[in-house]
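These notes concern the structure reproduced below.
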Amino acid sequence: GAGVSQTPSNKVTEKGKYVELRCDPISGHTALYWYRQSLGQGPEFLIYFQGTGAADDSGLPNDRFFAVRPEGSVSTLKIQRTERGDSAVYLCASSLTGYAEAFFGQGTRLTVV
Amino acid sequence: GIQVEQSPPDLILQEGANSTLRCNFSDSVNNLQWFHQNPWGQLINLFYIPSGTKQNGRLSATTVATERYSLLYISSSQTTDSGVYFCAVGGSNYQLIWGAGTKLIIKP
């Protein structure tokens with residue numbers, strides 16, 4: 001596609017539920033990143049994929065968070081047993097290679113009630 | 001890890017004014033990008049500039065990698081320039097480390 005696409009744009013879920021957030025990167029970009037942004041702060045790194053593999057998942061806050069990219073294109077961020085503290089905007093970015101310019105999607109605003 | 005500091009944290013200007021935003025970083029970098037986050041939350045790429053100088057219309061940027069800083073210049077500000085400007089840098093790994101941003105308000 002023309003840009004990075006994220007769905008849904010907004011997600012409201014109840015505490016304890018499971019959610020999946022989807023990212024469709026720019027076609028041909030091998031690198032894909034997930035970040036999380038809380039109100040009034042800069043984005044915070046979660047995980048980096050090079051191709052199908054998670055090359056760096058050091059930013060995932062705990063084992064409730066998991067992400068996959070099975071075919072090296074679309075990625076899904078999965079959050080189990082959601083907590084109110086998980087509420088944030090989840091941003092996906094892609095780049096041609098690891099150190100190249102990163103392009104961001106519009107984000108998914110997750111609200112846990 | 002790399003530390004990124006942006007200044008000033010807030011800036012209020014009249015339409016037509018010029019401004020300079022600064023980004024200091026604590027170590028050598030392989031990647032440096034400037035973004036504009038608009039009021040709807042979208043991060044818009046301004047410059048990919050790990051070193052050197054670039055210009056795009058009313059905006060320009062300079063990164064002096066040896067002295068570990070980057071500057072973003074906005075000339076003839078317009079109300080649509082309002083928003084938060086972020087500097088993000090990448091070191092030996094592929095993560096982007098972000099500054100806290102400069103919140104810019106342009107008054108008509």
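What you see is a predicted model; the values in this text were computed from it and never measured. Chain naming here is simple, since letters A, B, ... match the order of the sequence lines and numbering starts at 1 in each.
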Is a side-chain donor or acceptor of B/Gln33 paired with a backbone partner of A/Glu101 at a separation under 3.5 angstrom? no
Where on A/Tyr33 is there a heavy atom nearer than 4.5 Å to chain B: the side chain, the backbone, both, or neither? side chain
Which region of A/Tyr99, side chain (C-beta onward) or backbone (N, CA, C, O), has a non-hydrogen atom less than 4.5 Å from a non-hydrogen atom of chain B, or is it both or neither? both
hydrophobic_cluster_shared for B/Val84 and B/Leu13, side chain cutoff 4.5 Å: no
Against chain B, label A/Ala100 side chain, backbone, both or neither, depending on which of its atoms sit under 4.5 Å from a heavy atom there. backbone
Heavy atoms from other residues, nucleotides or ligands near CZ of A/Arg109 exceed 12 (cutoff 6.0 Å): no
In Å and rounded to the nearest 0.5 Å, what is the OG to OH distance from A/Ser95 to B/Tyr48? 9.0 Å
Path from A/Tyr90 to A/Val112 over hydrophobic side-chain contacts below 4.5 Å: yes
Residue part contacting chain B, namely of A/Ser58, when any heavy atom lies under 4.5 Å: side chain
Side chains of B/Phe35 and A/Phe104 in contact at under 4.5 Å (non-hydrogen atoms): yes
Could you check whether atom CD of B/Gln14 has more than 12 heavy atoms from other residues, nucleotides or ligands sitting under 6.0 Å from it? yes
Between A/Leu46 and chain B, with a heavy-atom cut-off of 4.5 Å, which part of the residue counts as in contact: side chain, backbone, both or neither? neither
Below 4.5 Å, heavy-atom pairs only: which of A/Ala102, A/Ala93, A/Gly98, A/Gly40 has the largest tally toward chain B? A/Ala102
Identify whether B/Phe47 and A/Phe103 are in the same connected component of the hydrophobic contact network (ILVMFWY, side-chain heavy atoms under 4.5 Å). no
Cluster check A/Leu110, A/Ile47: I/L/V/M/F/W/Y, side chain < 4.5 angstrom: yes
Give the cluster check for A/Trp34 versus A/Ile79: same hydrophobic cluster or not, with ILVMFWY residues linked at side-chain heavy-atom distances below 4.5 Å. yes
Around atom CZ of A/Phe65, are there more than 12 heavy atoms from other residues, nucleotides or ligands closer than 6.0 Å? yes
Does atom CD (B/Glu5) have a neighbourhood of more than 12 heavy atoms from anything else shown, all under 6.0 Å? no
Report the distance from atom CZ of A/Phe49 to atom OH of B/Tyr94, rounding to the nearest 0.5 Å. 15.5 Å
Against chain A, label B/Gln37 side chain, backbone, both or neither, depending on which of its atoms sit under 4.5 Å from a heavy atom there. side chain
Can you see which heavy atom on B/Leu43 is nearest to which on A/Pro43, and at what distance? CD1-CG, 4.2 Å
Mark yes or no for whether B/Gln95, through its side chain, and A/Gly59, through its backbone, hold a donor-acceptor pair below 3.5 Å. no
A/Gln37 CD to B/Trp98 CH2 distance, which is reported to the nearest 0.5 Å: 7.5 Å
Do you know which of B/Leu32, B/Val4, B/Leu96, B/Asn31 has the most heavy-atom pairs under 4.5 Å to chain A? B/Leu96
